[in-house]
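All values below come from the heavy atoms of this structure, side chains included, with hydrogens, waters and symmetry mates left out. None of these values were measured; they are calculated from a predicted model. Proteins get letters first, then strands, A, B, ... in listed order; numbering begins at 1 in each.
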There are 4 protein chains.
Amino acid sequence: MANKFGKLFTITTFGESHGPAIGGVIDGCPAGVELDFEAIQNELDRRKPGQSKIVTQRKEPDTVEFMAGIFEGKTTGVSIGFRIVNTNQKSKDYSHIKDQYRPSHADYTYTKKYGHRDYTGGGRTSARETANWVVGGAVAKQAIPDIKIHAFTSSVGNIHLDTPYQELDFSKIESNIARCPDAKKAEEMIDYIGEIKKQGDTVGGVVTCVIQNVPVGLGEPIFDKLHAQLGKAMLSINAVKGFEFGSGFEGATMTGSQHNDLFNTDGSTKTNYSGGIQGGISNGMDIYFKVAFKPVATLIQEQETIDKDGNMVTMMGKGRHDPCVVPRAIPIVEALAAMVILDNIMLDKARNI
Amino acid sequence: MANKFGKLFTITTFGESHGPAIGGVIDGCPAGVELDFEAIQNELDRRKPGQSKIVTQRKEPDTVEFMAGIFEGKTTGVSIGFRIVNTNQKSKDYSHIKDQYRPSHADYTYTKKYGHRDYTGGGRTSARETANWVVGGAVAKQAIPDIKIHAFTSSVGNIHLDTPYQELDFSKIESNIARCPDAKKAEEMIDYIGEIKKQGDTVGGVVTCVIQNVPVGLGEPIFDKLHAQLGKAMLSINAVKGFEFGSGFEGATMTGSQHNDLFNTDGSTKTNYSGGIQGGISNGMDIYFKVAFKPVATLIQEQETIDKDGNMVTMMGKGRHDPCVVPRAIPIVEALAAMVILDNIMLDKARNI
Amino acid sequence: MANKFGKLFTITTFGESHGPAIGGVIDGCPAGVELDFEAIQNELDRRKPGQSKIVTQRKEPDTVEFMAGIFEGKTTGVSIGFRIVNTNQKSKDYSHIKDQYRPSHADYTYTKKYGHRDYTGGGRTSARETANWVVGGAVAKQAIPDIKIHAFTSSVGNIHLDTPYQELDFSKIESNIARCPDAKKAEEMIDYIGEIKKQGDTVGGVVTCVIQNVPVGLGEPIFDKLHAQLGKAMLSINAVKGFEFGSGFEGATMTGSQHNDLFNTDGSTKTNYSGGIQGGISNGMDIYFKVAFKPVATLIQEQETIDKDGNMVTMMGKGRHDPCVVPRAIPIVEALAAMVILDNIMLDKARNI
Amino acid sequence: MANKFGKLFTITTFGESHGPAIGGVIDGCPAGVELDFEAIQNELDRRKPGQSKIVTQRKEPDTVEFMAGIFEGKTTGVSIGFRIVNTNQKSKDYSHIKDQYRPSHADYTYTKKYGHRDYTGGGRTSARETANWVVGGAVAKQAIPDIKIHAFTSSVGNIHLDTPYQELDFSKIESNIARCPDAKKAEEMIDYIGEIKKQGDTVGGVVTCVIQNVPVGLGEPIFDKLHAQLGKAMLSINAVKGFEFGSGFEGATMTGSQHNDLFNTDGSTKTNYSGGIQGGISNGMDIYFKVAFKPVATLIQEQETIDKDGNMVTMMGKGRHDPCVVPRAIPIVEALAAMVILDNIMLDKARNI
């Protein structure tokens, strides 16, 4: 249940980090999309472990293998099957926690829900799942080439990039391992993450995403407002604690006379507190939103916890984990955004009978 | 499309504020729930316009009429049909804006999406729809009497209630028209809203919701994490700009050693930064989250805007609108929360074959 | 659960024959469809009880009341709410069976499933529900005016109309109360139903439906083949025991060399054993199918049955029931067919991004 | 779209007969089901090509490979990923039809729908897809071991097995390659299929399926009646033209006094024209239904057809195809039935909150 995302363009996934493979089925992709496989792999590379000194040192090539739904380089319109073979499943890394519940992980809740414990790498709760989403998003992006989606790191701990996104150069996002388009802030973030890592600790952060060139009219009224779909997507990412779009929580402190976006004569607006969405439907302005990530729960420090029998024990993480997930979360946020936008374009087309 | 909410316990709705009636179909409600109709009406009364000096003065009795699915006072297990007749549809209130797009409303986006304009009261974009949700939520609450759901106003503009919710007395929420359980803060909020109203302006605010006594194990992995479902629900409410649960955006500034919730030997946790949900699944601790509302867009002030032909015109709101939606949003937040929890209890039961 | 039909164009319904009203929500109807309300009422009149001597003599005006989703005579693109008030709920008709399970009705299965008995008119199992579907279908028909849907009575008991549908004049269907386009067969059927009625007995029959002018390409591969959707829809009608399309069960006796539909150069086929659907997708030829209805279970004869405590008792139907449902089933079959076709047109459009 | 089957227990599939692999995702399987992998493979072997002289001589080992969702031999409650590698994709077999539309195949409709032609083995229209369903069904069967599902060949062409199923010995079904439990009829069928094959022709047939030990109360009212779900499932199988349950089309010729199933005092019925389902809900009696299969369209005979430019051409099948699909369809019918029953057991459990 609930391993499916989307309404018309959908992805249904499977996979644990320590099993033979992860993968999924992309259903509903329009026919005739000419796929750039290198671009898909490139998205996976942006997410993959071991890519820099500030992410987990686990090494996985994360090579996607398509099994169906593509003929002569183009999507056929039927379901696309794919998988990513797991090549580096060090199950022994986890044997020491077999009977322990790690604090702020899902060990306890999964065990209570399903009545058993898959202790190898967290089973399905592992963020390795998000590699599947990156594949789905990479395909979606290619179906809607006119739409530009850029996510970037806007804060790590208390280091905030406060520059309005309009003044940023998105082409700089990939120029540093923090994926922050401001070189100076990026350096600060990288240094801070390095320090945190040295302490065996972890830190949270925020990702900002901007979607440009969205047609007017996307989103469904009432229960599938475009921002509600985006919010649900982002809240599905491991470690996410919050979502806001447009003026967000700041907007709650404002008055209407400050907040209203007045029109230009062409239907665009002078300000964009609405974040590109009004009444749940895109208005053609940039869509932008923020996603808050908590610090990773696995520490390379001693922590007290309980085992399955309720005994208090001492544990210490040994796996290779991220001191800060935000830099690797960037392509995940973009992938989910791309799938939401494509799905809504399809839903919108359906009305034009 | 997308007038349906939920997976097993669902509500499908219809209705415009200025048509004959609003209403809907509640599907999947378990059989045998003995309904307290007064309690249902009471929830509607908490939401209804005209209830106090700080909300819209529009008067609607908002009496729900059940048409099917109930026999001898109990739910029968089949679909429940209901409606709320509109009794006070002053369509003339809106004739002056027939050809104008109100700033930060959905007039422009709806017109572009559907190719026509229902200018009477905003058509389906009106928050009157939320009365339907309150009915659904009131039924859901009665199916899960052990679960306690309390929402309250935690900020209006820059007036913030910073007391941890554990120190608040929820029985005080209904004791003032701001629905803030702290009497002193409530007074400040009421005064401030009154002042804003006098200026013909509006102001945003934040609602906090606490769900207690939730069993361990609710929520689906991957794409229907319990908090993602709650987030989508809340982001569906008119004027909402953000959602956070547990530590929320603040959590993004913390380190793992600060943020991890250490276990007690009974499986409960010493802190609750997780907000009662780990890996998308409830852990038995209190679930709590915040919902940010922007200021209402209708001002009783002159604003510049455009008409359907792109001409710049001056408009001034004349309808009876809320200076701050937050007090009336409280029962809506609770209703959606109740439906999400019941739906997930049902999903969870389905596994126990 | 499962009071919803369709994927993009959907109808969600409620209502018991002996409650205040039946009704539902039509969601996903494209905007701008100019509705002919008289035509909608006319479809309801074709289904309504009391319309002729060979159907139940229960009298219900069956007037549909739209509550939302229509503005200035046109669909707005949002959900359409409607209801049909029950005006003739003689609950006393059913009091004698309060504790008895009628043979071949759903009394026993519903009671076991839901743990209670709604003895008034069969609760939700009543075929009165199908009036809701006729409303949905009538709206759908108007959204796809080019598509021609004709259902008719092709057998009653052992009286079979064997003429190929191509030789029938569909304009004669409504010229007799049996809704059989062959006047002579119609007379035989009417006489036979009259005779059966006199005996307090009932009889089954078959409805044939022909859908013309369907574009090539409707239907989804694998699990939503066009004929599988039509089949599921028809099997949802009360009393239906079978569905076949194209060559149907007869096709199972044929050889491939007899059965293959050879092409004309324009892509049409010389024969149409395929019934207008190949590989689950419409090929532009006429779609035709048959639906088998069992005899109504309520007899005006003494029958032995059991009560809720398992005692053997004698019962005799007293309600006003149909001796043969087939004539009234015609508009129901057409309504479901119309909704399936519209839904698939919308699904097909969604691909053309 | 529509590569997903089921509501809570679902299967989502991919794969073409001539690509690298077919496979899918089983979602919603309850946790803790101990899997007998040999039994799963055995079901695939019953379906696989090359198993006897009366089926296609194409050889595929059809070995299923599970990639996720199983830990220490048991289902974990999360999604199960699997694939079956294609080992014998003779694409050259199809090159001669690259530009031709085979009569009564889906070549024409798929090409028109998707705008391209996957000529290798029919792409997604190939019945190879059904191997995926057999995997899903084999897992479902193991989750509901008490329920007995037996399908068998009840006719081939005009050779009919008319014995009531109650008098058949289901343990004999697998004792002959026709999968007909009556040895004498089986021999006739085998001889006839052999003869048809010699002529390069094909023939249709009927499969009967009996489901025993079903609890009372399965099935949803209105649009997901148990028989409507079964019907839709069966109509999804390649080459199916009809579905009937209980008395079926024969029931349409009967009177109510003949057809009503009178009760025994224990709630069982003396006859079972209802086919184990009343009002869409199982009544605890045997569920039985028939599925009609048309003759396979590929003939090893010359046929006239058209090419993509509308030219009349002569073609002759060269692939390795089945002279009669019915014997291989038996495990497919059972698999779909098992998935429908399990899904409905889960839906039914969801109500018991």
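Looking at D:K7, the atoms closer than 4.5 Å to chain C (heavy atoms on both sides) all sit in the side chain, from C-beta outward. Interface residue C:D266: only backbone heavy atoms are found under 4.5 Å from chain D. Of the atoms belonging to D:V326, not a single heavy atom falls under 4.5 Å from chain C. In this structure, chain C has no heavy atom under 4.5 Å from any part of D:S155. Using a 4.5 Å cut-off between heavy atoms, D:L218 contacts chain C through its backbone alone, with no side-chain atom that close. The contact between D:K225 and chain C is made entirely by side chain atoms (from C-beta outward), counting heavy-atom distances below 4.5 Å. Of the atoms belonging to D:F14, not a single heavy atom falls under 4.5 Å from chain C. Contacts of D:N264 with chain C are made by backbone atoms alone, with heavy-atom separations under 4.5 Å and no side-chain atom involved. Heavy atoms of D:T130 lying under 4.5 Å from chain C are absent altogether. For a residue to count as touching a neighbouring chain, one of its non-hydrogen atoms must lie under 4.5 Å from one of that chain's; by this rule D:Y101 touches chain C with backbone and side chain alike. Both the backbone and the side chain of D:F249 come within contact range of chain C, each with at least one heavy atom under 4.5 Å from a heavy atom of that chain. The part of D:V296 that comes within reach of chain C is its backbone (N, CA, C, O), which places non-hydrogen atoms under 4.5 angstrom from that chain. Interface remark: C:S282 contributes backbone atoms only to the contact with chain D (heavy atom separation under 4.5 Å). Contact annotation for D:D309: neither backbone nor side-chain heavy atoms come within less than 4.5 Å of a heavy atom of chain C.
Between D:F223 and C:I11, the shortest heavy-atom distance links the atoms CE1-O, 4.2 Å. For the residue pair D:E220 and C:A2, the shortest heavy atom distance occurs at CB-CB, 3.5 Å. The minimum heavy-atom distance between D:F245 and C:V240, with the atom names listed, is CE2-O, 3.4 Å. Across every non-hydrogen atom of D:I281 and C:T109, the tightest pair is O-CG2, 3.4 Å. Taking both residues in full, the closest heavy atoms of C:K241 and D:S247 are given as CE-OG, 3.6 Å, listed atom of the first, atom of the second, then distance. Nearest heavy atoms, D:T305 versus C:F263: OG1-CD1, 3.2 Å.
Of the residues considered (C:M234, C:H160, C:M254), C:M254 shows the highest number of contacts with chain D, using heavy-atom pairs under 4.5 Å. When the candidates D:A239, D:S236, D:G242, D:G217 are compared by the number of heavy-atom contacts under 4.5 Å with chain C, D:S236 comes out ahead. For chain D, the option among C:A252, C:G279, C:A292 with the highest count of heavy-atom pairs below 4.5 Å is C:A252. By number of non-hydrogen pairs under 4.5 angstrom with chain C, the leading residue of D:Y108, D:F289, D:F293 is D:Y108. Of the residues considered (C:G205, C:G115, C:G231), C:G205 shows the highest number of contacts with chain D, using heavy-atom pairs under 4.5 Å. Contact count against chain C (heavy-atom pairs under 4.5 Å) is highest for D:G267 among D:G246, D:G267, D:P215. Looking only at heavy-atom pairs under 4.5 Å with chain D, the residue among C:K4, C:Q258, C:Q199, C:E304 that has the most is C:K4. In terms of non-hydrogen atom pairs under 4.5 Å with chain D, the most contact-rich of C:A106, C:A228, C:P323 is C:A228. Contact tally against chain C (heavy-atom pairs below 4.5 Å) for D:K112, D:K232, D:H105: the top residue is D:K232. For the set D:D348, D:V206, D:L230, D:N238, the entry with the most heavy-atom pairs within less than 4.5 Å of chain C is D:D348.
Listed for the C:K113 side chain is a donor-acceptor partner under 3.5 Å among the backbone atoms of D:G219. Using modelled atom types, one side-chain atom of C:N260 and one backbone atom of D:A297 make a donor-acceptor pair closer than 3.5 Å.
Separating the OG1 atom in D:T265 from the CD1 atom in C:I306 is a distance of 7.0 Å, to the nearest 0.5 Å. Atom CD1 of D:I222 is separated from atom CZ of C:F5 by 12.5 Å, given to the nearest 0.5 angstrom. Rounded to the nearest 0.5 Å, atoms NE2 (C:H259) and CG (D:L299) are 11.5 Å apart.
With D:S257 as reference, C:D201 is the one residue of C:T202, C:D201, C:I196, C:V203 to meet the side-chain contact (heavy atoms from CB on, under 4.5 Å) rule.
Within the 4.5 Å cutoff, the side chain of D:P103 has no heavy atoms near those of the C:D261 side chain. In this structure the side chain of C:L235 never reaches within 4.5 angstrom of the side chain of D:Q229, judged on heavy atoms. A 4.5 Å side-chain heavy-atom check between D:Y273 and C:P295 finds every atom pair outside the cut-off. Between D:E244 and C:F243, the closest side-chain pair of non-hydrogen atoms is not below 4.5 Å.
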